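Here is the structure we will look at, set down as structure tokens.
When a ligand or atom number is given, it counts from 1 through the structure's own listing order. Everything quoted here is computed from the prediction, not taken from an experiment.
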Amino acid sequence: MRTESTPNQIQKWLSELSLEQKVNLVVGMGQNVPGIADVEQEEKVPGAAGSTYPIPELGIPSLTLADGPAGLRIEPERDGTDKTFYCTAFPIATLLASSWDTELVERVGEAFGKEVKEYGVDILLSPAMNIHRNPLAGRNFEYYAEDPYLSGYMGAAMVKGVESQGVGTSIKHFVANNSETNRMHLDTHVSERALREIYLRGFEIVVKEAQPWTIMSAYNKINGTYASESEELLETILRDEWGYEGLVMTDWFAGEDPAGQMMAGNDLLMPGVPPQRQALLAAVKSGELDEAVLDRNVARILELILRSPVYQKYAYSDQPDLEGHAKLARAVAAEGIVLLKNETQTLPLASSNLKVATFGVGSYDFIAGGAGSGDVNNAYTVSLVEGLENAGITLNEDLKAKYLTFVGAEKAKLPEKRYFFDLLPPIPEMLINRAEIATQAQLNDLALITIGRNSGEFQDRQTEGDFYLTKTEQELITNVSDTFHKAGKKVVVLLNIGNVIETASWRDQADAIVLAWQGGQEAGNALTDVLTGKITPSGKLPTTFVRSYDDVPSAKTFPGEENPGGAIKQVGEMVMAREAEITFHDDIMVGYRHYNTKGIETAYPFGFGLSYTTFEYESLELSSNQIEQTLSVRVTIKNTGELSGKEVVQLYLSAPGLTIEKPAMELKGFAKTRLLQPGEKQTLTMDLNPKDLASFDTAQSAWVVEAGTYTIKIGASSTNIRLEKNFIAANMIVEKVNKVLVPKK
Ligand code: GLC
């Protein structure tokens, strides 16, 4: 928050700083990476991702920056003390988005921000907001959705929550970083329209709704220029068009030209390596880099410092309320769980004195979140089995013992993690014969099967054995299903995954399917709360579950092609990338925009999610039949079932599409009811404005509204439209912008 003293203090500092000190301020203090110069100062918070350069003689402290999107990532133990520094593993971003509840996400942000502040960190390197362009992208779990509107409003809620505690965020990775393979040297070829409507739009919403303290530019190039070296991206779009007032930092070791990054408006180079300082000094002395540009970037760093806890000498406790945050993590995890199938009221479990057979290594080795910088050093993870036992459900001890022994033996075979971000290979599914399953079918009332998946930064996923089930997993589901159904017992499949997997080929064998995502450290308790009906599931899909990977519009070109003989990008001893490129041929037709427009059947569509109760969409009213500035949409929902529940109402817009190609529909609003008791109803209001109708017209470099009749489609999912109403719009130029980031011919 700017105060009247801010400019004076900044001008004063600028007048006192030497050129060397200015250059030191725009380059971070380094990171302990093999082959890279060690951090040049005692780490205030061990395990943090980086820090800025202190100038104590001028009263300028060092800022501490730490990951990540699902929880603060710092070392849980330190030399010289028995105290521990565990952090709360909240649910992953995709689960948060599955709640479609911005108020809830803001509450998570508040707790998150408290934890960041109490551990002495100034900037949280989160939220991550890249679009789910392809289900194989390794970091989709860190990202919200395949749709920029949902992603933008989730990101804005998180930023508001975290920053309400007086610490900063860094929305990332700005922009069009939608895969991991060769990300540091990948040139993304993308149209102006797809950039504006799909890849930039979510960030634009966050900047205009929440003004995050910082933004992290992406590793990749956009149409030939590194994001961190693109003045068109970082000054023209971000500052001139969107009015962004904060600071831009690089991703770690990103880009190649420090002077170019400075000129582009990338104010801070992280984590910072000494050669960058030398390059900048030389650039100023040679006149390549105007010192006035350096001063502009230094001023942004000083402004960030002035608003930071460390500058305000906040006496952090190292004692955040981990117990309270764990309770919140559990409640939130349940809100993002998506009920995909529930035949003949299989769920909620009839009572907690059921005898349950828990199959699948995933039931015992539950995954709280993904790998890489999005990982968290949490004190514990409650597995499904532990969650069930906490709820007093009787498990078959013999089966449990077999699995625990197997999981223990397989874990013992795993290699040591070389670095924190290593993604360990998955534990293979345990073979179990039909005789053993038949025994379990006699002894138990119900079978639960967990399928687990993990992924992480630095690598994208595979189709075989990852997107698709392994042969052993398929056999497990078939054998358990056949055997338990023969014994008149039911089967529930639970998905503990961070990205989309294939479901269509096996789902008919399950009576119920619950998508638990990766629900953080309390995941097993949260899932049990839903299975037992303590909480009615209300999550809906923020990303499409396709029937086959081949249906994905980007399948053929993902994750890009390496340029033969292209340069390599090395960080210390590690070869991080080879020169590569990828073209976003799918353009604006990403996710449901593609499937719904082309009429391609999916396994579970965007916005899909069942409940234990039913809802009637009673009425839809518009404030007018023509849009001027704002059109208010009011929808009344009634709980017509036997159990309480919440409903996520989605507002899709279908445009005339006469003079400009448009998807069949686009999400332009959503709202979630409170918990409605049977018979209760609630009216929800959503507002539409002209920007929501507008398309990016490349020829005019403007957001334009095409005159004609628009249809509001109120849906329980993107393919389950319950109410519709039309309104008209006149031709409008909503916003003229600049012609920038133009693809090379
Ligand atoms: C990583 C990630 C970024 C993270 C940063 C610091 O490479 O791309 O998300 O915040 O470096 O760890």
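Scored by the side chain to side chain contact (heavy atoms under 4.5 Å, CB included) test, Ala48 finds Val45, Thr64, Ala66 as partners (sequence neighbours excluded). With sequence neighbours excluded, the residues satisfying ring-ring contact (aromatic ring centres under 6.0 Å, His included) with Tyr311 are Trp13. Under the ring-ring contact (aromatic ring centres under 6.0 Å, His included) criterion, Phe85 pairs with no residue, sequence neighbours left out.
Salt bridge Glu235/Arg296: present, at least one basic N to carboxylate O contact under 4.0 Å. Under the 4.0 Å criterion applied to side-chain N and carboxylate O atoms, Asp67 and Lys172 are assigned as salt-bridge partners.
Considering only heavy atoms from C-beta on, Asp318 comes within 4.5 Å of Tyr119 through its side chain.
Residues of the protein with a heavy atom under 4.0 Å from ligand 1 are Ala49, Asp67, Leu125, Arg139, Lys172, His173, Arg183, Met216, Tyr219, Asp251, Trp252, Ser373, Glu457, listed by chain and number.
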